[in-house]
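The figures here come from the full heavy-atom set of this structure, side chains too, leaving out hydrogens, waters and symmetry mates. Throughout, residue positions are numbered sequentially from 1 according to the sequence presented.
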Amino acid sequence: VDSHREILIRTMSVVAAIAGLAHVIFLALFWVMGAAELAWVNVLSVATYAACFRLVRRRPFLTEALMGLEVVLHGLVAVYLIGWQSGFHFYIMLVVPTALVSGGINKRDDLVVRWVGGVGAGLLYLFMDATMRDWVPVNPLPAQVLNALRTFNLAGTFVILGLLALVYRQLIAQAEAVLRHQACTDPLTQLKNRRSVLDVISHEVAAFQRQGRSLVVIIADVDHFKMINDKHGHLAGDGVLQSVAKVLQGGVRSMDHVARWGGEEFLVVLPSTDMAEARMVAERLRACVAAQVCHSAKGPIPVTMTLGVADLHAGESVEQLISRADQALYQGKQAGRNQVVVAESAPQPSPPNATH
């Protein structure tokens, strides 16, 4: 609902700005031509769109209704005053795609905007086309002026349709970017999620195979996390995970990757890093986590982590690499926690025809 609301608001803001500018141009044109009635009508239109631009974030549904009503009434009044040939009825067609695409913020508003606004505007246009083509205008203008207005309004309609299409395309692209971010991001810690970091590791393994670039992974687990949840509550536990995530993310290079691996476990990926450097990084991260104190309503929460470190060896799969880091983590847990353990080297394949 929030993303739909933001898309609706941004679209209407652009439309209000474009339409307001168009009516300023009309106001000047009719004032120069001496068509005072239409000049004042456009003064009201400019005021309406200025109000819509200010109201759009607070009252988006009311704003959309006002904008659609202004377009319809302006088209009707213009045809009544200077005739069908002026082409102001073209703008009523813009209400149809705008209403059908944008819709409303909730189901009730969506129904009103799409079907009453969009379909209603389309039916009104068809009715006007059937009944007002031969309407005798109240203030007729010279044929040359009317033809110029018709051409201007037709061109203006195409320009606005094109701008709306660009706006919708940009909004769709932004919505897709948000969805991609959500698909790759852990909602609690805002780190990469498990699926995303596996893609990263697969890419780095491919780089290792092509270029021989070193790769190290660290699995870090918050010590006694169940006890933290039991004593301080799950809300406090979530706060601990968020604090740890910030420490881990702030303690590595921009080229490194930090992800929430699952539960209270985190995974750090260190490309182009040898084991000695990786161990120093792991020790620094462990010390930084231990140095911070989280707080809850029941008092301070001391936090420590155990970390398992493994580097990629030739012929080793992603699963084997992570498994060795996990085994090192388990050894650290068994040995008392709050420490860094480096994984044993991967077993080397036996040469062919070896004797045992």
Side-chain angles (χ1 to χ4, degrees), residues 186 188-189 191-192 194 197-198 201 204-205 214-232 234 236-253 256-271 273-296 298-348:
D186 174 62
L188 177 65
T189 62
L191 297 176
K192 289 181 174 63
R194 189 185 187 104
V197 78
L198 281 174
I201 297 174
E204 293 298 338
V205 169
S214 58
L215 175 65
V216 176
V217 299
I218 302 172
I219 295 184
D221 184 271
V222 179
D223 297 327
H224 303 296
F225 187 69
K226 185 178 184 302
M227 292 176 56
I228 293 174
N229 276 335
D230 291 343
K231 181 178 179 180
H232 297 274
H234 288 278
D238 289 346
V240 167
L241 294 178
Q242 290 171 331
S243 297
V244 169
K246 290 179 181 179
V247 170
L248 297 180
Q249 187 70 70
V252 297
R253 303 166 299 181
D256 301 328
H257 307 274
V258 182
R260 187 179 180 190
W261 188 239
E264 66 272 22
E265 284 190 337
F266 298 84
L267 185 71
V268 182
V269 182
L270 305 175
T273 306
D274 60 32
M275 183 56 80
E277 294 172 325
R279 179 157 195 164
M280 292 174 59
V281 171
E283 286 287 358
R284 184 176 70 248
L285 294 177
R286 183 203 63 78
C288 289
V289 170
Q292 71 167 356
V293 178
C294 299
H295 297 274
S296 75
K298 296 183 179 180
I301 309 174
V303 181
T304 60
M305 295 193 82
T306 303
L307 302 93
V309 187
D311 61 338
L312 181 65
H313 295 168
E316 190 174 27
S317 68
V318 173
E319 292 76 13
Q320 291 171 325
L321 171 64
I322 295 176
S323 176
R324 287 197 299 112
D326 195 51
Q327 291 172 9
L329 170 67
Y330 179 77
Q331 293 173 13
K333 292 286 188 180
Q334 294 296 105
R337 297 180 172 82
N338 191 24
Q339 57 187 281
V340 173
V341 176
V342 175
E344 298 178 358
S345 299
Q348 299 297 318

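Checking side-chain atoms of T306 against main-chain N and O of N338 turns up a donor-acceptor pair under 3.5 Å. Distance alone, capped at 3.5 Å, is enough to place a donor-acceptor pair between the R253 side chain and the P271 backbone. A distance-only check finds a donor-acceptor pair linking the side chain of Q320 to the backbone of S317 [under 3.5 Å]. Counting only distance, with no hydrogens or angles, the side chain of S214 and the backbone of T273 share a donor-acceptor pair below 3.5 Å.
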- Item | From CA spacing to verdict: side-chain contact (heavy atoms from CB on, under 4.5 Å), W261, L198 | CA-CA 10 Å; W261 188 239; L198 281 174; 3.7 Å; yes

Mind running side-chain contact (heavy atoms from CB on, under 4.5 Å) on L329 and E265 for me, showing each step along the way?
CA-CA 10 Å; L329 170 67; E265 284 190 337; 3.5 Å; yes

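We find the CG-CZ distance between D230 and F225 to be 10.0 Å, quoted to the nearest 0.5 Å. Between atom CD of residue E344 and atom CD of residue Q331 there is a gap of 6.0 Å, rounded to the nearest 0.5 Å. Taken to the nearest 0.5 Å, the OG1 atom of T189 stands 9.5 Å off from the CG atom of L248. For the atom pair CG of L270 and CG of L215, the computed distance is 8.0 Å after rounding to the nearest 0.5 Å. The CD atom of E316 sits 4.0 Å away from atom CZ of R324, with the distance rounded to the nearest 0.5 Å. Of the inter-residue distances, the one linking E264 atom CD with D221 atom CG reads 4.5 Å to the nearest 0.5 angstrom.
The residue from R260, Q249, M305 that alone fulfils the side-chain contact (heavy atoms from CB on, under 4.5 Å) condition with V244 is M305. Among V247, V222, T304, L307, the one residue that satisfies the side-chain contact (heavy atoms from CB on, under 4.5 Å) test with V289 is V247.
Residues that satisfy the side-chain contact (heavy atoms from CB on, under 4.5 Å) test with V293, not counting sequence neighbours, are H295, P300.
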Using a 3.5 Å cut-off and no angle test, enumerate the donor-acceptor pairs between side-chain atoms of residues 277-285 and protein atoms at least two apart in sequence or in another chain.
{"from": "E277", "atom 1": "OE1", "to": "D274", "atom 2": "N", "distance (Å)": "3.2"}
{"from": "E283", "atom 1": "OE1", "to": "R286", "atom 2": "NE", "distance (Å)": "3.2"}
{"from": "R284", "atom 1": "NH2", "to": "G251", "atom 2": "O", "distance (Å)": "2.7"}

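Atom OH of Y330 has 12 or fewer neighbouring heavy atoms from other residues, nucleotides or ligands inside a 6.0 Å radius.
Ion pairing between K333 and D223 holds under the 4.0 Å rule for side-chain N and carboxylate O.
Across all their heavy atoms, G237 and N229 have their closest contact at CA-OD1, 3.3 Å. Between L241 and G263, the shortest heavy-atom distance links the atoms CD1-O, 4.0 Å. The shortest non-hydrogen separation linking V303 to C294 is CG2-SG, 4.0 Å. Between A310 and A343, the shortest heavy-atom contact is CB-CB, 3.7 Å.
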